[in-house]
Chemist: 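Here's a structure for you.
A, B, ... follow the sequence lines: proteins, then strands. Residue 1 opens every chain. Keep in mind that what you see is a predicted model, and the values were worked out from it rather than measured.
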There are 2 protein chains.
Amino acid sequence: MARWEPDAQGRMIRAALELFDERGFDQTTAGDIAEKAGVTERTFFRHFADKREVLFDGAHTMEHTVHDVTVAAPAELSPLDAALAGITAAGELLADRHEFSMRRSRIVAANPSLQERELLKLAAMTESTTKALHERGVTEPVASLAAHSAVTVFHVAFARWVAEEEPPAFADCVAEAAAALRALQ
Amino acid sequence: MARWEPDAQGRMIRAALELFDERGFDQTTAGDIAEKAGVTERTFFRHFADKREVLFDGAHTMEHTVHDVTVAAPAELSPLDAALAGITAAGELLADRHEFSMRRSRIVAANPSLQERELLKLAAMTESTTKALHERGVTEPVASLAAHSAVTVFHVAFARWVAEEEPPAFADCVAEAAAALRALQ
DNA sequence: GCTAGTGATGACAGTGACTGACATCGACAC
DNA sequence: GTGTCGATGTCAGTCACTGTCATCACTAGC
């Protein structure tokens with residue numbers, strides 16, 4: 001699979017994280033990352049569609065998880081509860097990467113173009129949640145609204161989870177945000 | 001104010017819309033737009049921070065409107081209702097530009113990087129709504145959740161409004177989406 | 001052990017988005 | 001008329017990203 005050294009992709013991700021942390025995203029070129037990872041710039045762009053994407057490696061897995069867990073949630077759950085089950089499961093994929101998530105969040109928070117990409121990933125989660133709800137037989141506009149609401153809860157819960165030095169259980173952050181959402185009138 | 005021909009910015013916006021419509025966003029260079037508008041590429045980038053921004057000219061005004069109307073909403077309104085008043089007012093800024101909004105939406109829908117930018121503008125609306133709710137004395141996490149929910153309603157309502165050849169009243173689209181949101185359990 | 005096939009990588013040239021620096025123009029104040 | 005100022009033009013440069021083709025390491029089949 002790999003050519004000389006194994007795990008080129010992992011090396012590039014780690015190199016990028018360090019460089020972005022040190023100098024910032026804009027002050028780091030794709031060539032810098034590649035060099036630090038021991039590959040060429042061209043190889044970097046074979047692994048990542050663009051420079052930002054190197055920070056969003058797990059997004060695809062999370063989308064799948066959200067979808068599958070939402071579809072498989074107990075039939076008696078409301079659309080919103082099914083979707084919340086999905087986003088909770090997705091969040092727990094990060095459980096053992098709290099340190100990494102904090103660093104990553106700090107980098108993203110410092111750069112608008114990275115925030116943009118993060119929003120796109122959240123939108124993709126919304127999409128896949130909506131699709132899952134459709135598969136549960138939920139119709140529009142309830143499916144979209146429940147999906148948006150669940151991802152909103154994810155967004156708020158994640159921000160809380162990542163802000164604490166000692167990570168609380170992700171599910172607790174979700175429960176808290178979800179309760180506040182339901183209390184809205 | 002303007003140099004030779006007046007309204008350089010307006011000319012660039014119109015030129016961009018036409019070119020994006022004809023050939024697509026990726027097949028149009030900043031130089032193409034500038035040339036069609038009778039200016040240089042450098043001037044284009046003095047007016048717009050990047051190529052995408054030419055499609056998001058009114059966003060700043062909408063942010064301000066959301067904020068101001070939310071702050072000024074009757075004190076007895078719930079956080080969510082105050083926020084909904086804000087996003088309704090923002091949506092009505094588009095009332096007389098339905099044709100333009102439809103074209104623009106079609107262009108955005110065809111290009112992921114434009115969708116990304118649109119999400120950033122929606123996030124900015126969420127921010128300014130949250131800020132407005134804070135000024136109303138609403139605390140976290142209710143402020144964020146109400147703001148997110150209101151912008152979700154905006155998102156869904158706008159999609160509906162822009163999809164119809166004969167534009168319904170924007171406020172009606174909002175009311176419909178808001179009712180569905182509240183019905184969620 | 002040799003060889004052909006395959007997938008990842010390197011090398012290199014090219015396009016286009018964006019930026020900085022400086023010259024220039026046009027309107028307006030005086 | 002002259003000076004000031006903001007908007008524009010000009011030009012060179014960096015960097016993100018892409019297409020193309022050669023090359024390398026590993027594997028399967030012999």
Chemist: Give every residue pair that meets the ring-ring contact (aromatic ring centres under 6.0 Å, His included) criterion with at least one member in residues 69-98 of chain A, sequence neighbours excluded.
Modeler: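 Sorted pair list: A:His98-A:Trp161.
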Chemist: Taking only Lys NZ, Arg NE, NH1 and NH2, and the carboxylate oxygens of Asp or Glu, determine whether B:Glu164 and B:Arg160 approach each other closer than 4.0 Å.
Modeler: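 Yes, this pair counts.
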Chemist: For the pair made of CZ in A:Phe44 and C1' in D:dT18, what is the distance, rounded to whole Å?
Modeler: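 Result: 15 Å.
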Chemist: Go through residues 48-57 of chain A and report each residue with a non-hydrogen atom lying under 4.0 Å from DNA chain D, sorted by number.
Modeler: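 Those residues are A:Ala49, A:Asp50, A:Lys51.
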Chemist: Apart from B:Val71 itself, what residues make up its hydrophobic cluster when side-chain heavy atoms of I, L, V, M, F, W and Y under 4.5 Å apart count as a link, directly or indirectly?
Modeler: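 Via sub-4.5 Å side-chain contacts, B:Val71 links to none.
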Chemist: What pairs of residues pass the side chain to side chain donor-acceptor pair (under 3.5 Å) test when at least one of them lies in residues 61-71 of chain A, not counting sequence neighbours?
Modeler: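 Output for this query lists A:His67-A:Glu135.
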Chemist: For DNA chain C, determine which residues of residues 20-37 of chain A have any heavy atom closer than 4.0 angstrom to one of its atoms, and list them numerically.
Modeler: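 The answer is none.
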Chemist: With no angle test and no hydrogens, is the base of C:dG7 tied to the side chain of A:Arg46 by a donor-acceptor pair under 3.5 Å?
Modeler: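 Not at all, since no donor on one side and acceptor on the other fall under 3.5 Å apart.
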Chemist: Which nucleotide sits closest to the side chain of B:Glu41: D:dT10, C:dG10, C:dC18?
Modeler: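 Of the candidates, C:dC18 comes closest.
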Chemist: Among D:dT18, C:dC18, C:dG10, which nucleotide sits nearest the side chain of B:Phe45?
Modeler: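 Side chain of B:Phe45 sits closest to C:dC18.
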Chemist: Ignoring hydrogens and angles, write down the donor-acceptor pairs under 3.5 Å from the side chains of residues 141-148 of chain A, residues two or more places apart or on other chains.
Modeler:
from, atom 1, to, atom 2, distance (Å)
A:Ser144, OG, A:Glu140, OE1, 2.8
A:Ser144, OG, A:Glu140, OE2, 3.2
A:His148, ND1, A:Ser144, O, 3.2

Chemist: Checking one residue: A:Phe56. Which other hydrophobic residues are in its cluster under the side-chain 4.5 Å linking rule?
Modeler: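 A:Met12, A:Ile13, A:Leu17, A:Leu19, A:Phe20, A:Phe25, A:Ile33, A:Val39, A:Phe44, A:Phe45, A:Phe48, A:Val54, A:Leu55, A:Phe100, A:Ile107, A:Val108, A:Leu114, all in the cluster of A:Phe56.
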Chemist: Looking at residues at least two apart in the chain, or sitting in another chain, which of them share a side chain to side chain contact (heavy atoms under 4.5 Å, CB included) with B:Ala171?
Modeler: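 Here the qualifying residues are B:Thr88, B:Glu92.
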Chemist: Are any of A:His47's side-chain N or O atoms less than 4.0 Å away from OP1 or OP2 of C:dA8?
Modeler: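 The answer is no; no side-chain N or O of A:His47 sits under 4.0 Å from OP1 or OP2.
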Chemist: Check side-chain hydrogen bond (donor to acceptor under 3.5 Å, both in side chains) between B:Arg52 and all other residues, then give those that pass, not counting sequence neighbours.
Modeler: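 With neighbours one apart ignored, the set is A:Glu116.
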Chemist: How would you list, by chain and number, every residue that makes a ring-ring contact (aromatic ring centres under 6.0 Å, His included) with B:Phe158, sequence neighbours excluded?
Modeler: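 Result, ring-ring contact (aromatic ring centres under 6.0 Å, His included) vs B:Phe158: B:Phe154.
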Chemist: Please give me every residue in residues 106-118 of chain B whose heavy atoms get under 4.0 Å of an atom in DNA chain C, ordered by residue number.
Modeler: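 Contacting residues: none.
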Chemist: Let's see if you can work this out: which of C:dG20, C:dG10, D:dG19 has an atom nearest to the side-chain heavy atoms of A:Arg42?
Modeler: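 Of C:dG20, C:dG10, D:dG19, D:dG19 is nearest to the side chain of A:Arg42.
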Chemist: Let me confirm one number: the CZ-CD distance from B:Arg46 to B:Gln9, rounded to the nearest 0.5 Å.
Modeler: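 Result: 13.5 Å between the selected atoms.
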Chemist: Under the rule for side-chain hydrogen bond (donor to acceptor under 3.5 Å, both in side chains), what residues qualify as partners of B:Arg23, not counting sequence neighbours?
Modeler: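 B:Asp32.
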